[in-house]
Engineer: 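Can you read through this structure? Questions will come right after.
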Amino acid sequence: MPPDSFSVPIVIGVAVLALVGVLIAHLRVRRDLAEARGQLVRARQAQEHLTRETSARDQRLAQAERQAQEAADLLLEARAQQDVVRAETEHLLATRIPALVSHLRAPHVIVPGVQNPALAGTELDRLHRGILDAVARGVREEGERIDEAAQAIVRGAMSRVQTQALRAQDLLAGIQQRYSGDEHTALLREVLGLDMFNELIIRRVQVTGIACGATPGLSRDDTYLVDLVVGAISRVENFEQRIEGPANHLRRRIGVAARAAEPILFITSELLANAVHHSHGTLKVTIAVHETNNGAAIVIDDAGVGLNEEQYARATRLLSGGHPVRLVDLGNPPRTGWAAIGRQVAHYGMQVTVKKSAFGGVQAVVNIPAALLVEMPEDSRPSVLAPEPVRATVPAAVTTAIPTATLPAPTVPAATPSAGPLRPEPVTALRPEASRRPEPVASLRPEPATASEQPGPAEALAALPQRRRQSRRSASGPRPTAGSGGSGSSGGSGSRSLTTPEEAARRWGDFQAGAEAGRREALPAQPHDNTEGN
C-alpha cells in the first residue's frame with residue numbers, strides 16, 4: 001500500500017480529532033464563558049444589591065446623623081430652658097418670695113416680676129404667680145390666726161390687770177374718805193399721787209385691751225357731754241398745767257347715752273394725752289365742746305410737732321376703723337392709741353378726723369352723731385366742775401342802749417340747810433369713778449336766764465331723746481371728784497348738803513387747789529405718759 005494512501009486517513013483522523021478537540025474546547029470555552037457571564041451577572045446583581053444596601057445605609061446614616069443633630073439641638077435647647085427655669089426658680093426663692101413676705105408686712109415694699117422679660121406671660125410665669133399667691137394666702141391666714149391668738153391673750157391679760165387696778169382704785173378712794181381731814185394733808189398728798197399713777201395704768205390697760213378687740217370694761221349712766229370732757233381731761237398727766245379748757249359752747253342740756261359715755265370719754269382722753277405728749281412742756285392744749293347740725297363735736301388743738309403727709313394718711317386710716325389692724329402693724333413698741341380709737345369709732349358710728357391746726361400742730365375733731373346723744377332731764381345739772389357755757393359778747397353800743405333795770409339778775413339754786421361741819425365732803429378720787437354710776441346733781445352755778453342766750457341754730461339739730469331721771473342715790477353715796485367726767489355728783493339732799501353757792505364755790509376751790517398742789521408734789525416734773533397715738 002503506497003505510503004500516501006496510508007497517511008491520508010491518518011491526517012484525516014488527526015484533523016477530525018483536532019476538529020473534535022477544537023469543538024470540545026469551543027464548547028468548554030462557551031461553557032466557561034456562560035459560567036463567567038453567569039458569575040458576572042451574579043456579581044453585577046450582588047454589586048447592585050450592595051450598592052442599594054450601601055445607599056440605604058448611607059441614607060440611614062444620614063438620617064441618623066440628622067436625628068443625632070436634632071437630638072443634640074433639642075438637648076441644648078432643653079439645657080438652655082432648664083438653665084432659664086433654674087435661674088428663674090432661684091430668683092423666685094431668693095428674691096420674689098422674701099419680697100412678698102416683706103410686702104405683706106410693709107405694703108410699700110414692691111414684689112419684683114420675672115427676672116427674664118421673655119418669660120412674662122408664659123406658663124412658667126403663671127405657675128410662679130400661682131406659687132406666690134399660695135404663699136401670700138398661707139402667710140395671711142397663719143398671720144391672722146397667730147394675731148387673733150395674741151390679741152386674745154392680750155385681752156385676757158389686760159382684763160385681769162384692769163380688774164386689779166380698779167380694786168386698787170377703790171382702796172385708794174377709801175383711804176381718801178377716811179383721811180380727808182386737815183391733819184392728814186401729807187398722807188392725802190401721797191394718796192393723790194398714787195391715785196393718779198393708778199389712773200394712768202388703767203388708761204394704758206384700757207387702750208391696749210380695746211386695740212385688741214376688748215370693750216372699755218366700764219359702764220356709766222346717761223351723762224352730760226361736758227362732764228365727760230372734764231373727766232377725760234382728768235385722766236391726762238399734768239392736766240392742770242398742760243390743758244386749757246374745756247370751752248363749753250353748748251346751749252342745751254346735751255348728754256351722752258349710757259352705752260357710748262365711756263367710749264367717748266376714752267377717745268377724748270386718749271387724744272388729749274397724745275396732744276400733750278407731742279407738745280412742748282410749756283405749750284397748752286386747748287379743748288372745746290360744740291353743738292353741730294348732726295350732733296356734737298369735741299375739738300382738740302395743740303401746737304406740737306405736727307404730722308407729715310404719710311403720718312396723716314396712717315392716722316386717717318387707723319382712726320376710721322374701717323381697716324382691720326393687726327398687732328404687727330402697730331410698730332415696735334406697739335402704738336395702740338389710734339387703733340383703739342378706730343375700733344370704738346367704727347363700733348359706735350362716730351367720726352374722728354385729724355388735720356393741721358392753726359398753731360402748726362394737730363387738730364383732732366370727735367364728731368358725735370345725734371343717735372348717741374340725749375337731752376338730760378330738767379331737774380339735773382352738770383357737775384360743779386363743768387364749765388359754764390361760753391356766752392356771746394354783747395357789743396358796747398347794744399349794752400349802753402339797754403337800761404340797767406331791764407337786765408335779768410342771775411338765778412342761783414335755793415340754799416339747802418346743812419347739818420354737817422363746814423369742810424369739804426370726803427372724795428373718792430380725782431378721776432372718773434368708772435366702776436360706780438352716780439347720778440347728776442343740781443349745778444351750783446347760774447343757768448342762762450333769758451331766751452336770748454340760747455343759740456340760734458339749736459333748732460336745726462334733731463330733737464334729742466328725753467331721758468327720765470332715775471332714782472336718786474343716798475347722801476352717803478360717792479361724791480363728785482376733781483376728775484369726775486362721767487356722772488357728776490350724787491343725789492341732791494342729805495345731811496352734808498352745801499349751804500350756799502358762795503360757800504360751795506369756796507369749798508370746791510380750796511379742795512381743787514389742795515388737790516392740784518398734792519399732784520404737783522407727788523408727780524415727777526417731766527411727763528412720762530408716753531402715749532402711742534402717733
Side-chain angles (χ1 to χ4, degrees), residues 203 207 225-226 228-250 254 256 260 263-322 335-346 348-370 372-373 387 389-390 455 457 485 527 529-534:
R203 184 169 62 83
V207 69
L225 177 58
V226 66
L228 290 179
V229 174
V230 172
I233 293 174
S234 71
R235 288 186 173 186
V236 181
E237 188 175 11
N238 292 335
F239 64 89
E240 304 95 337
Q241 295 84 21
R242 301 301 309 280
I243 299 178
E244 180 180 333
N248 182 9
H249 296 277
L250 302 177
I254 295 180
V256 178
I264 291 176
L265 193 153
F266 161 76
I267 291 173
T268 307
S269 64
E270 195 63 25
L271 291 174
L272 282 171
N274 181 69
V276 168
H277 177 67
H278 291 88
S279 302
H280 190 269
T282 60
L283 301 177
K284 290 282 188 179
V285 175
T286 62
I287 181 170
V289 187
H290 299 269
E291 186 174 349
T292 66
N293 286 335
N294 299 322
I298 302 172
V299 182
I300 301 171
D301 281 284
D302 68 70
V305 296
L307 303 174
N308 55 36
E309 294 183 1
E310 182 180 353
Q311 290 172 330
Y312 272 119
R314 180 176 182 272
T316 302
R317 179 175 62 86
L318 292 177
L319 293 175
S320 67
R335 297 183 175 182
T336 56
W338 284 347
I341 294 174
R343 282 185 179 269
Q344 295 297 290
V345 165
Y348 290 96
M350 293 180 285
Q351 183 183 18
V352 176
T353 58
V354 290
K355 64 178 182 179
K356 186 176 181 179
S357 70
F359 310 106
V362 176
Q363 182 186 78
V365 181
V366 183
N367 290 292
I368 306 170
L372 300 179
L373 301 178
V390 178
D529 181 21
N530 295 328
T531 59
E532 302 161 342
N534 288 353

Engineer: Begin from the C-alpha positions of Leu319 and Val345 and carry the test side-chain contact (heavy atoms from CB on, under 4.5 Å) through to its verdict.
Structural biologist: CA-CA 7 Å; Leu319 293 175; Val345 165; over 6 Å; no

Engineer: Side-chain contact, heavy-atom cut-off 4.5 Å: Glu291 with Ile254?
Structural biologist: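 The answer is yes; the side chains approach within 4.5 Å.
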
Engineer: Do side-chain atoms of Ser279 reach the backbone of Leu283 as a donor and acceptor pair under 3.5 angstrom?
Structural biologist: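 The answer is no, because no donor-acceptor pair under 3.5 Å joins these two groups.
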
Engineer: I need the minimum non-hydrogen distance between Arg314 and Trp338, along with the two atoms involved.
Structural biologist: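 Of all heavy-atom pairs spanning Arg314 and Trp338, the closest is NH1-CE3, 4.0 Å.
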
Engineer: Thr336 and side-chain contact (heavy atoms from CB on, under 4.5 Å): which partner among Leu318, Ile341, Val207?
Structural biologist: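 The single option meeting the side-chain contact (heavy atoms from CB on, under 4.5 Å) with Thr336 is Val207.
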
Engineer: Can you measure from CD1 (Ile298) to CD1 (Ile267) and round to the nearest 0.5 angstrom?
Structural biologist: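 Output value for this atom pair is 8.5 Å.
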
Engineer: Indicate the atoms forming the closest heavy-atom contact of Pro387 with Val230, along with that distance.
Structural biologist: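 Heavy atoms only, the tightest pair is CD-CG2, 4.0 Å.
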
Engineer: Of all heavy-atom pairs between Ala232 and Leu265, which one has the smallest distance, and what is that distance?
Structural biologist: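 What the structure gives for the nearest pair is CB-O, 3.7 Å.
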
Engineer: Mark yes or no for whether Lys284, through its side chain, and Ala303, through its backbone, hold a donor-acceptor pair below 3.5 Å.
Structural biologist: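 Looks like no, no N/O pair under 3.5 Å.
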
Engineer: Working to the nearest 0.5 angstrom, can you tell me the gap between Leu228 CG and Ser269 OG?
Structural biologist: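 Leu228 CG to Ser269 OG: 10.5 Å, rounded to 0.5 Å.
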
Engineer: So, do His249 and Val289 sit near enough that their side-chain heavy atoms are less than 4.5 Å apart?
Structural biologist: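 No; the side chains remain at least 4.5 Å from each other.
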
Engineer: When rounded to the nearest 0.5 angstrom, what distance separates CG in Asp301 from CD in Gln363?
Structural biologist: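 Nearest 0.5 Å value for the CG-CD distance: 4.0 Å.
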
Engineer: Would you say that Ile243 contacts Val276 through its side chain, given a criterion of any heavy-atom pair below 4.5 Å between the two side chains?
Structural biologist: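 Heavy-atom side-chain distance check passes, below 4.5 Å.
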
Engineer: Do Val366 and Leu271 come within less than 4.5 Å of each other through their side chains, counting heavy atoms only?
Structural biologist: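 Contact flag for Val366/Leu271 side chains = yes.
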
Engineer: List the atom of Asn248, the atom of Leu250, and the distance in Å for their closest heavy-atom pair.
Structural biologist: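 Result for this residue pair: OD1-N, 3.1 Å.
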
Engineer: On a heavy-atom basis, which atom in Tyr348 and which in Pro369 lie closest, and how many Å separate them?
Structural biologist: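 Nearest pair, atom of Tyr348 first, then Pro369: O-CG, 4.4 Å.
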
Engineer: Specify the closest pair of heavy atoms between Ala346 and Gly321, including all atoms of both residues, with the distance to one decimal.
Structural biologist: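 Result for this residue pair: CB-O, 3.5 Å.
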
Engineer: Between Asn238 and Gln241, is there a donor-acceptor pair closer than 3.5 Å when you use the side chain of the first and the backbone of the second?
Structural biologist: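 It does not hold such a pair.
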
Engineer: Nearest 0.5 angstrom please: Asn367 CG to Met350 CE, how far?
Structural biologist: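 Going from CG on Asn367 over to CE on Met350, the span is 10.5 Å.
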
Engineer: Less than 4.5 Å apart, any side-chain heavy atom of Leu272 and any of Ile287?
Structural biologist: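 Yes, close enough: below the 4.5 Å cut-off.
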
Engineer: Drop me the distance from Gln351's CD to Ser320's OG, to the nearest 0.5 angstrom.
Structural biologist: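 Spacing of CD (Gln351) from OG (Ser320) equals 9.5 Å.
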
Engineer: Would you say Tyr312's side chain and Lys356's backbone share a donor-acceptor pair under 3.5 angstrom?
Structural biologist: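 Yes; at least one donor-acceptor contact below 3.5 Å.
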
Engineer: Would you confirm whether His277, through its side chain, and Ala273, through its main-chain N or O, come within 3.5 Å as a donor-acceptor pair?
Structural biologist: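 No; judged by distance alone, with no hydrogens or angles, the pair does not exist.
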
Engineer: Verify, without hydrogens or angle tests, whether Asp302 (side chain) and Val362 (backbone) share a donor-acceptor contact under 3.5 angstrom.
Structural biologist: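 Present.
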
Engineer: Are any non-hydrogen side-chain atoms of Arg203 and Glu270 less than 4.5 angstrom apart?
Structural biologist: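 Yes; the side chains approach each other to less than 4.5 Å.
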
Engineer: Begin with the C-alpha distance, continue with both residues' side-chain angles, and end with the deciding distance and a verdict on side-chain contact (heavy atoms from CB on, under 4.5 Å) for Val285 and Ile300.
Structural biologist: CA-CA 7 Å; Val285 175; Ile300 301 171; 3.8 Å; yes

Engineer: Are Thr316 and Thr353 packed together at the side-chain level, in the sense that at least one heavy-atom pair is separated by less than 4.5 angstrom?
Structural biologist: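 Heavy-atom side-chain distance check fails, nothing below 4.5 Å.
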
